[in-house]
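A short worksheet on the structure shown next.
The chains referred to below are lettered A, B, ... by the order of the sequence lines, with proteins before strands, and numbering in each begins at 1.
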Number of protein chains: 2
Amino acid sequence: MPSDTCHCILLRKASRKLSSYYDEALAPLGVNIGQFSLLRNIHRLQPISLTELAAQVELDRSTVGRNTKVLERMGLVAISHGEDQREALISLSEEGKLLLKRGAPLWDGVQDEIEARLGAEKTRQLQELLVAL
Amino acid sequence: MPSDTCHCILLRKASRKLSSYYDEALAPLGVNIGQFSLLRNIHRLQPISLTELAAQVELDRSTVGRNTKVLERMGLVAISHGEDQREALISLSEEGKLLLKRGAPLWDGVQDEIEARLGAEKTRQLQELLVAL
DNA sequence: CGATGGTGCGGGTATATACCCGCACCCATG
DNA sequence: CATGGGTGCGGGTATATACCCGCACCATCG
């Protein structure tokens, strides 16, 4: 066992590499995998507050806030307010919905490619391992 | 197979979680796992130029430049220049060496803990999978 | 009805990470 | 020796990510 291979560093490298792989596939849409995933979550949960969304995607609230603002500037999400004036209600715009539709086959493609490269068994192992960490 | 679990997002979550885990262990030293790993690489390769170091750790040169500058401000690395005035030669300071010595058991501890949690077989699988990606 | 605590948000700061551009310097070729 | 390509570096910009702080608002308790 080459104990000098840091699990964490290896994982970070893999994360960067895989991210850029997904980013490349989604490039025609003008969003990266982080933004695409966030859009999908907003779609699933809308309308939703920043705090709740952050909890769902397991990211810091301020991170989600900034990322959401970028999506708003792009016209992909709309931020309105409910009865409680404090609460920001995030939902998809029409463009956002369209982007998700156009993105679905691209995302499926990468996903399938990964699974093909690893094989079904190793894909299952990967999911299991990542959850176990 | 829940095909809606994005491999990439799962990997990124795992990466963040594991990073914060290592960061916690290294907190007494005042460095994070990225900095610690960079220090270990500098130790292994010193004296080394920015460009060469970036290639070795598979990060962007500008990223390594900024990170190195932080380490320099901390007094952990020294940056000198060789005959070619352009080239920055990065090496560890005495404090840097000391930090690596003090950090080794902490790093080993986390590493062992991960392996214990996963078991030998799954640890091997993980390394294999991450390299395969 | 006023004080208090909980919750939601934005801003500030720091680091990580990437890309592009421009400057400096070295070396080879004419 | 002049010019030009290659290489090394820093700066600028953008996003991702986290933490802390302060402000606003709501609900509840006294």
Looking for any heavy atom pair under 4.0 Å, which part of the strands does [X] touch: base, sugar-phosphate only, or nothing?
{"X": "B/Ser62", "result": "base"}
{"X": "A/Asp84", "result": "sugar-phosphate"}
{"X": "A/Ser49", "result": "sugar-phosphate"}

Taking for each residue the nucleotide of DNA chain D with the nearest heavy atom, is it A/Arg61 or A/Gln35 whose nucleotide lies nearer the 5' end?
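In this pair, the answer is A/Gln35.
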A/Arg86 or A/Thr63, whichever maps to the more 5' nucleotide of DNA chain D:
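Nearest nucleotide further toward 5': that of A/Thr63.
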Are the side chain of [X] and the backbone N or O of [Y] linked by a donor-acceptor pair below 3.5 Å?
{"X": "A/Gln35", "Y": "A/Asn32", "value": "yes"}
{"X": "B/Arg40", "Y": "B/Leu100", "value": "no"}
{"X": "A/Ser93", "Y": "A/Gly75", "value": "yes"}

Taking the side chain as C-beta and beyond, is there a heavy-atom pair between [X] and [Y] under 4.5 Å?
{"X": "B/Thr123", "Y": "B/Ile114", "result": "no"}
{"X": "B/Leu11", "Y": "B/Leu130", "result": "yes"}
{"X": "B/Gln127", "Y": "B/Val131", "result": "no"}

Could you identify which residues of residues 12-30 of chain B place a heavy atom less than 4.0 Å from some atom of DNA chain D, listed by residue number, or say none?
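The answer is B/Arg12, B/Arg16.
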Among pairs that include at least one residue of residues 76-94 of chain B, which meet salt bridge (charged side-chain N to carboxylate O under 4.0 Å, His left out), considering only residues two or more places apart or in two chains?
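Sorted result for residues 76-94 of chain B: B/Asp84-B/Arg86, B/Glu94-B/Lys97.
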Heavy-atom contact window of chain B on DNA chain C, given 5' to 3' at under 4.0 Å
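Counting from the 5' end, contacts occupy C/dT15 to C/dC26.
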Pairing of A/Lys69 and A/Glu72 as salt bridge, 4.0 angstrom limit:
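Here A/Lys69 does not pair with A/Glu72 in a salt bridge, since their nearest N and O are not under 4.0 Å apart.
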In terms of the nearest nucleotide of DNA chain C, which residue is placed more toward the 5' end: A/Ala88 or A/Arg66?
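Per heavy-atom nearest nucleotide, the more 5' residue is A/Ala88.
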Between A/Thr51 and B/Asn67, just flag the one whose closest nucleotide in DNA chain C comes earlier from the 5' side.
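Taking each residue's closest nucleotide, the earlier one in sequence belongs to A/Thr51.
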